Student: 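I have a structure I would like to understand better, so I am pasting it below and will then ask my questions one at a time.
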There are 2 protein chains.
Amino acid sequence: MDLRQLRYFVAVAQERNFTRAAELLHIAQPPLSRQIQLLEEELGVSLLIRKSRPVRLTDAGRLFYEQALQVLGRVEQMRDATRRIGLNQNSVFSIGFVASTLYGGLPSLVRKMRQHAPELDIQLLELVSVQQIPALKEGRIDVGFGRLRHSDPNVVGTVLREERLVAAVPMGTALAGASTPLSVKSLRGQKLIVYPKEPRPSYADQVLGLLQRHDVRPAEVHEVREIQTALGLVAADAGVCVIPSSARQMRSDVHYRLIEEEAMTSPVILNHRVGDNSVYIDLIKRLIEEMYRENPPWLDMEHNVLPGHSFDS
Amino acid sequence: MDLRQLRYFVAVAQERNFTRAAELLHIAQPPLSRQIQLLEEELGVSLLIRKSRPVRLTDAGRLFYEQALQVLGRVEQMRDATRRIGLNQNSVFSIGFVASTLYGGLPSLVRKMRQHAPELDIQLLELVSVQQIPALKEGRIDVGFGRLRHSDPNVVGTVLREERLVAAVPMGTALAGASTPLSVKSLRGQKLIVYPKEPRPSYADQVLGLLQRHDVRPAEVHEVREIQTALGLVAADAGVCVIPSSARQMRSDVHYRLIEEEAMTSPVILNHRVGDNSVYIDLIKRLIEEMYRENPPWLDMEHNVLPGHSFDS
DNA sequence: CTCAAACGATACCTTTAAGGTATGATAAGG
DNA sequence: CCTTATCATACCTTAAAGGTATCGTTTGAG
């Protein structure tokens, strides 16, 4: 499959006539016919009904046509965006993040970065923690906000805060009958919902590891794509899940209880390359320190523990 | 530009070494070098810094790399989806759902199902709309709650409601300066964030298709995993996204504006196999009718249009 | 500081695939 | 039934992809 074939197919789908499409594409009709045939052979499905005049799309052809339009549009956009970056000499600064950090200070931090460094083109890339390390080393991102500790000597990891975890439990169940902190051992024998399902390892594995360390075995583990699904299933009484306390705002039709064990926390970690002396790394660190000094609502000191960190190394 | 060149470039970007990348691609190093040069000539920008070892990406190269990954992923997905279309018991009762239906009546419906049919083992499976049709035909699920219309004659699709779409825009931007409904044409030239990234086609494609139909071309498209990431990026002023109106509760630090065009809706559709006379299908239909008669808060009649549907066919 | 190894670029050749022409087969309308 | 339009097949030409040989540059070890 190739972009040229996509363009050829789109033309045929729009004209519903190979001869006219060939004219528009400035090629002869037989090579157009052959290229569409090659495409169908590669896919193993028929895209067009040729026995009728004008030709009609099959169901697969209709789907393929819509998708092809989008892919061709995406290619156009990436060409334009690449040229814009390359020709305008804007600096790009890439930030990797795990989704849960969007409920902490990351949105504000990015806004402050835009204010302090308007010349930067800030790219935001969702990567689970384990993906951030190679991404940093390969230069695909410049900093990363992750949730898992690592041991790579080429990447500096600084714990910004340790966020307390809470159990989201279905309304109307026994565990929902109180609001006091509960022991993680209460989760024994429960159906556990974990996320994100892939890529792994991820926060799902962090939770499974913490439960294991506390000798807690759930009755069933159900892996789902992401937190919104997990909390939705809790609302549907399909099980319980363990989430960072900042995510409690997502739904109000489930019950939340703080997990009392002090080890039941999830760190938020800033990662960057060793020896990266970019002024933007310094700027990020300074902005983070300022934000923490301001004690903003999302920091929620009742559910976060700050390690005695500073950025002086 | 061609898919082959994108694959070549991605390999070089990942290996940071032309010789190794060539080996992985099963071609010789000189043609790889030349193809990347042709690509750079066509774009008119440099993608790689070759004077350093290992080679590094330029800023334009980094953006191009991320975009190329997305495009290649899309091509893979469209191939798979096209092939899938072209080419479907205590009693377990499986319900497929798209994540956004968890913010509607699905959790309540499942609770009612559990009450009315306690003998059922209700399995909940997150599947995007297009995955639900083969899943129904193959018997992997018994009903599905999806967002995309289909034309498969073997599956009955009933539109339960048409949910109005809203634009989530960053605080402090021009579009956030009003609360009145806005025209979809206002999204021209904006950076658009779409979700879910995979599998495809999905709600992301529904939005892209709707924009295309209204002749709206965004400046850039950024695909992310799911709505929480999309809204978080909006909060970080990384672009705008189009969401179902029920999802507005997820974040309060972005601005929402109803999109005024009447066609800018996303249907919620109940799908089941033709001729499926299961008492549970009848039960689900009855429960849905009861729930809609109760006019619950999530139904939000201001942002939903009910088609004159009944389940009598 | 020197040298050898690694690695990307250039030149030129071979092979492969895209496209063109001629023509056959089939659908559809008069 | 016949003619025209349209897609498929066969075969040839042309253009581009890929291979080999080799040059120039970077980097790290001694």
Side-chain angles (χ1 to χ4, degrees), chain A residues 1-58 60-62 64-65 68 72 75 137-139 153-154 273-275, chain B residues 1-58 60-62 64-65 68 72 75:
Chain A
M1 191 180 329
D2 223 354
L3 294 179
R4 194 173 35 81
Q5 286 173 332
L6 300 193
R7 290 189 186 101
Y8 286 2
F9 176 75
V10 161
V12 172
Q14 285 173 343
E15 297 300 318
R16 299 175 72 199
N17 181 306
F18 280 74
T19 309
R20 260 199 325 270
E23 283 163 14
L24 292 172
L25 294 162
H26 303 299
I27 69 169
Q29 176 267 324
L32 175 57
S33 175
R34 190 161 43 250
Q35 286 298 332
I36 303 299
Q37 285 173 2
L38 290 175
L39 178 58
E40 286 174 315
E41 277 167 32
E42 178 183 333
L43 291 167
V45 303
S46 179
L47 301 173
L48 291 158
I49 300 166
R50 294 152 167 90
K51 293 299 188 189
S52 67
R53 298 288 194 270
V55 298
R56 292 196 287 118
L57 293 171
T58 62
R62 268 199 296 280
F64 194 85
Y65 169 72
L72 292 172
V75 166
K137 292 160 78 173
E138 289 159 19
N154 298 307
R273 285 177 292 272
V274 157
Chain B
M1 192 182 325
D2 221 353
L3 294 179
R4 195 171 35 79
Q5 285 173 332
L6 300 194
R7 292 189 185 101
Y8 286 2
F9 176 73
V10 162
V12 172
Q14 286 173 343
E15 294 301 316
R16 301 173 72 200
N17 180 304
F18 280 74
T19 309
R20 257 197 331 268
E23 284 164 13
L24 292 173
L25 293 162
H26 302 298
I27 70 170
Q29 176 267 321
L32 176 58
S33 175
R34 191 165 38 251
Q35 287 296 333
I36 303 299
Q37 285 172 3
L38 290 175
L39 180 57
E40 285 173 316
E41 279 168 28
E42 178 183 334
L43 290 167
V45 304
S46 177
L47 300 173
L48 290 158
I49 300 167
R50 292 152 168 94
K51 293 298 190 193
S52 67
R53 299 284 194 277
V55 299
R56 293 197 285 118
L57 293 172
T58 61
R62 288 197 291 178
F64 192 85
Y65 170 73
L72 293 173
V75 166

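Just so you know, these numbers come straight off a predicted model, no measurement behind them. Every chain is numbered from 1, with letters handed out A, B, ... down the list of sequences.
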Student: Which heavy atom of A:V55 sits nearest a heavy atom of A:V12, and at what distance?
Tutor: CG2-CG1, 4.5 Å
Student: Please report, rounded to the nearest Å, how far the P atom of D:dA17 is from the CZ atom of B:R7.
Tutor: 14 Å
Student: Can you check whether B:R53's main-chain N or O pairs, donor with acceptor, with B:R56's side chain at less than 3.5 Å?
Tutor: no
Student: Calculate, to the nearest 0.5 Å, the distance between atoms CZ and CD belonging to B:F9 and B:E40 respectively.
Tutor: 7.5 Å
Student: Side-chain N or O of A:T19 versus OP1/OP2 of D:dC7: is the shortest distance under 4.0 Å?
Tutor: yes
Student: Reckon B:N17 has a side-chain N or O less than 4.0 Å from the OP1 or OP2 of C:dG8?
Tutor: yes
Student: In whole angstrom, what separates A:H26's NE2 from C:dG20's P?
Tutor: 11 Å
Student: Side chain of A:K51 only, please: which of C:dA18, C:dG8, C:dT26 is the nearest?
Tutor: C:dT26
Student: Give the nucleotide from the list D:dT27, C:dG8, C:dA27 with an atom nearest to the side chain of B:S52.
Tutor: D:dT27
Student: Can you check whether B:R34 has a side-chain N or O nearer than 4.0 Å to OP1 or OP2 of D:dA17?
Tutor: no
Student: Could you state the CG-P distance from B:L32 to C:dT10, rounded to the nearest angstrom?
Tutor: 14 Å
Student: Once you round it to whole Å, what is the distance between C1' of D:dG24 and CZ of B:F18?
Tutor: 15 Å
Student: Does A:R4 make a side-chain N or O approach to OP1 or OP2 of C:dG19 shorter than 4.0 Å?
Tutor: yes
Student: Once you round it to whole Å, what is the distance between P of D:dA8 and CD of A:E41?
Tutor: 12 Å
Student: To the nearest Å, give me how far apart CZ (A:R20) and P (D:dT6) are.
Tutor: 7 Å
Student: Contact class for A:Q35 (heavy atom, under 4.0 Å): base, sugar-phosphate, or nothing?
Tutor: sugar-phosphate
Student: Around atom CZ of A:R4, are there more than 12 heavy atoms from other residues, nucleotides or ligands closer than 6.0 Å?
Tutor: yes
Student: May I have the distance from B:I27 (atom CD1) to C:dT16 (atom P), rounded to whole angstrom?
Tutor: 15 Å
Student: Does B:R53 place a side-chain N or O at less than 4.0 Å from the phosphate oxygens OP1/OP2 of C:dA6?
Tutor: no
Student: I need the CD-C1' distance between B:E23 and C:dC7, as an integer number of Å.
Tutor: 11 Å
Student: Measure across A:A22 and A:L32 and return the closest heavy-atom pair with its distance rounded to 0.1 Å.
Tutor: N-CD2, 3.5 Å
Student: Kindly say if B:R50 contacts the phosphate of C:dC7, meaning a side-chain N or O under 4.0 Å from OP1 or OP2.
Tutor: no
Student: By nearest atom, which of the nucleotides D:dT9, C:dG19, D:dT20 is closest to the B:P30 side chain?
Tutor: D:dT20
Student: Check the phosphate of C:dA9 against B:Q37, side-chain N and O only, distance under 4.0 Å to OP1 or OP2. Yes or no?
Tutor: yes
